[in-house]
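Input: a single structure, listed below in structure tokens.
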Amino acid sequence: MPHPQKTQRRAAGAQKESVRVLITGGRIQKRIQEMARQIRRDFPDEPLHLVSVLKGGVFFLTDLARSIAGEVSFDFIAVSSYGQGTRSSGQVRLTRDLDSSIEGKTVIVVEDILDTGMTLDYLLRLFQQRKPKHLRVAVLLDKPERRLTAVRADYVGFTIPNEFVVGYGLDYAERYRNLPYVGVLLLGSGSKKKP
Ligand code: IMP
Ligand code: MG
């Protein structure tokens with residue numbers, strides 16, 4: 001019998017889906033501890049303001065925030081760029097703004113994945129106009145092969161190949177976000193889904 005999280009059959013007409021583990025929950029947690037220490041080393045005495053992108057960045061934010069020593073606050077922003085599938089629409093739209101001003105703050109943008117870079121490019125332009133003291137980017141995953149903009153992250157958890165991944169916040173049509181690991185989404189008869 002297949003593991004229930006590994007193989008799921010969708011409703012009538014839908015494709016068979018499965019997830020192949022790429023990065024275990026244990027490796028994710030260990031790497032986040034290292035990233036937290038590195039961020040604190042870079043800003044030893046400053047309050048850090050983490051700004052995460054809903055909804056994919058939430059798990060990374062909560063684990064990262066609890067691992068950084070000293071004063072930490074956080075806030076959320078929401079953008080929409082992807083539709084229901086695995087392909088980006090290429091357009092980024094702000095759907096929820098931050099609650100508080102970032103002026104004069106040391107801001108770390110916390111994102112699940114850096115893919116084409118369209119989302120971060122948009123957000124960094126927006127945030128820069130608001131005059132933070134420092135503006136840095138932390139991403140759990142980086143897919144450099146897909147980049148369409150010059151944007152880069154200051155802190156990268158894992159560099160991954162060009163495959164569509166789910167879990168640990170990342171979704172496929174809003175599903176799989178709750179997986180404690182990151183896995184490659186397989187659609188149909190075991191073939192890889194290329195976005
Ligand atoms: P970008 O704007 O192309 O860099 O994409 C950023 C956003 O696209 C991420 O925050 C994700 O929400 C989504 N995304 C990109 N690649 C993947 C993937 O492999 N799986 C799930 N979502 C993805
Ligand atoms: Mg996202």
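Quick note: numbers below take in every heavy atom, side chains included, and nothing from hydrogens, waters or symmetry partners. As the structure lists them, so they are numbered: ligands from 1, and atoms in each ligand from 1.
Of all the heavy atoms of Arg146, none lies under 4.0 Å from any atom of ligand 1, so neither backbone nor side chain is involved. When non-hydrogen atoms are compared, ligand 1 lies under 4.0 Å from neither the backbone nor the side chain of Leu120.
The existence of a salt bridge linking Glu17 and Arg175 is confirmed by a sub-4.0 Å separation between a basic side-chain nitrogen and an acidic carboxylate oxygen. Contact check on Asp97 versus Arg130 returns a salt bridge, with a Lys/Arg side-chain nitrogen under 4.0 Å from an Asp/Glu carboxylate oxygen.
Per-residue contacts place Met118 under 4.0 angstrom from the following atoms of ligand 1 (heavy atoms of the residue considered): 2 (O), 4 (O). Below 4.0 Å from some heavy atom of Asp115 lie the following atoms of ligand 1, by number and element: 1 (P), 3 (O), 4 (O), 5 (O), 15 (C), 16 (N). Proximity to Thr116 (heavy-atom distance under 4.0 Å) selects the following atoms of ligand 1: 1 (P), 2 (O), 3 (O), 4 (O).
Nearest heavy-atom pair across Arg147 and Lys143 is NH1-O, 3.3 Å.
Within the structure, the closest approach of Lys143 to ligand 1 falls below 4.0 Å when heavy atoms are considered. At least one heavy atom of Ile113 sits closer than 4.0 Å to an atom of ligand 1. Distances from ligand 1 to the non-hydrogen atoms of Asp171 include at least one value under 4.0 Å.
When only interatomic distances are considered, the shortest N/O to N/O separation between Val165 and ligand 1 falls below 3.5 Å. Considering backbone and side-chain atoms alike, Gly117 places an N or O below 3.5 Å from some N or O of ligand 1.
The ring pair (Phe, Tyr, Trp, His ring centres under 6.0 Å) contacts involving residues 21-44 comprise Phe43-His134, where partners must be two or more places apart or lie in separate chains.
Side-chain contact between Glu46 and Lys133 is present, with heavy atoms from C-beta onward closer than 4.5 Å. Two residues are said to be in side-chain contact when any heavy atoms from C-beta on lie closer than 4.5 Å; Tyr168 and Leu179 fail this criterion.
The backbone N or O of Val110 sits less than 3.5 Å from a side-chain atom of Ser52, completing a donor-acceptor pair.
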